[in-house]
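We count ligands from 1, going down the list as the structure has it; atoms in each ligand are counted the same way.
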Amino acid sequence: MTDDLSEAAVLPELTTHWLGRSYHYVPEIGSTNDRLKAWVDTGTDDPPAGTVLLTDYQSKGRGRLDRRWEAPPRSSLLFSTLFRPDWPAQQGGWLTMLAGLAIAEAIEQVTGTVAGLKWPNDVMVQVDGVWHKAGGLLLDARLDGDRLAYAIVGAGINVNIPEAVLPDAVTPATSLMVATGNPVSRRPLLLACLSRLEQGYEAADRGESPQPAWNDRLMTLGEHVTVSTNQDSVALTGIAEATDEWGGLLVRTGSGKLHSVAAGDVTLRRL
Ligand code: BTN
């Protein structure tokens, strides 16, 4: 199993130009997103764009909407990536899109299993014909006025979590091992993720929107959904018709009105 994710194992095999060239492995940590954020905000040295921080175990892994992100030691890919895009704030939504696309493509490349995306940032694979969540993304961004100062994209991919210890979640979870029936080597998957993420970011930085490719992979579109905010009990029920250019979901309710729901503050339930 090519499972060693240390600097010594990963750096010689990296095919990227800048993403992950500043690569840091720690066997155990609270949260890679939190540590990278603290490093950028308060560190004496300034981590360069493309810095990747990866761990084999998180004691305080964070999911979206203040949830925990749990994974047994060495069972997953848990990493955070630093970007410093010279983009307007709302374009930060593209990072979620291109990271989701990169991970879905890498899963397909390495495992041969079809991968999809569930709005706003879940990576999905099928188990017995039913879509399950195999990964998620967490975006932490800092603004400078109306522009992005930096953005940290955290990725958690359930690679070899045995079925018995899969986390209980709103969206049924699985791992790539459970979905494919075989253990999956983590290092080739990491290398494929970073390579595709670098290509996707460079295209976005040239102004090419990831939205069309993202829409193509979004299983949410066309579905009858209930969208509820985290803060209160207001729920919106309707058909998820489309996304806007920054990743918001456009939901048409029974009255015929089209509502725009910003990514990041909702949970989605299929009716
Ligand atoms: C979600 O689906 O709720 C997002 C999960 C994101 C988890 C990853 S694991 C690496 C990084 N560090 C964290 O604390 N969270 C993200």
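A side-chain donor-acceptor contact under 3.5 Å links R21 to the backbone of T16. Remark: the backbone N or O of L78 is not paired with any side-chain donor or acceptor of S76 at under 3.5 angstrom.
One finds no salt bridge joining D122 and R64 here, because no Lys/Arg side-chain nitrogen approaches an Asp/Glu carboxylate oxygen to under 4.0 Å.
Going from atom CH2 of W131 over to atom CD of Q126 covers 4.0 Å, rounded to the nearest 0.5 Å. Annotation: the span from L189 atom CG to T111 atom OG1 amounts to 8.0 Å, rounded to 0.5 Å.
Under the 3.5 Å distance criterion, with hydrogens and angles disregarded, a donor-acceptor pair is assigned to the side chains of E202 and W18. Y150 and D140 form no side-chain donor-acceptor contact under 3.5 Å, judged by distance and modelled atom types alone. Side chains of T174 and N158: a donor-acceptor N/O pair is absent below 3.5 angstrom, by distance only.
Protein heavy atom at the shortest distance from atom 11 (C) of ligand 1 is T32 OG1, 3.2 Å. Nearest protein heavy-atom contact of atom 5 (C) of ligand 1 is W69 CE3, 3.4 Å. Scanning all protein heavy atoms for the shortest distance to atom 3 (O) of ligand 1 gives R64 N, 2.7 Å. Of all protein heavy atoms, the one closest to atom 2 (O) of ligand 1 is K133 NZ, 2.6 Å.
Inclusion of N121 in the set of residues having an N or O under 3.5 Å from an N or O of ligand 1 is not warranted. In terms of polar-atom proximity, K60 is not counted as a contact of ligand 1, lacking any N or O under 3.5 Å from an N or O of the ligand.
For ligand 1, the atoms sitting less than 4.0 Å from at least one non-hydrogen atom of L138 are 6 (C), 15 (N), numbered in the order shown with element in parentheses. Residue F79 has at least one heavy-atom neighbour below 4.0 Å for each of these atoms of ligand 1: 10 (C). Residue R62 approaches ligand 1 through these ligand atoms, each under 4.0 Å from one of its heavy atoms: 5 (C), 6 (C), 7 (C), 13 (C), 14 (O), 15 (N), 16 (C). Contact atoms of ligand 1 toward G61: 14 (O) (distance under 4.0 Å to a heavy atom of the residue).
Of the heavy atoms in Q58, only side-chain atoms (C-beta onward) come closer than 4.0 Å to ligand 1. For L137, every heavy-atom contact with ligand 1 shorter than 4.0 Å involves the backbone, none the side chain.
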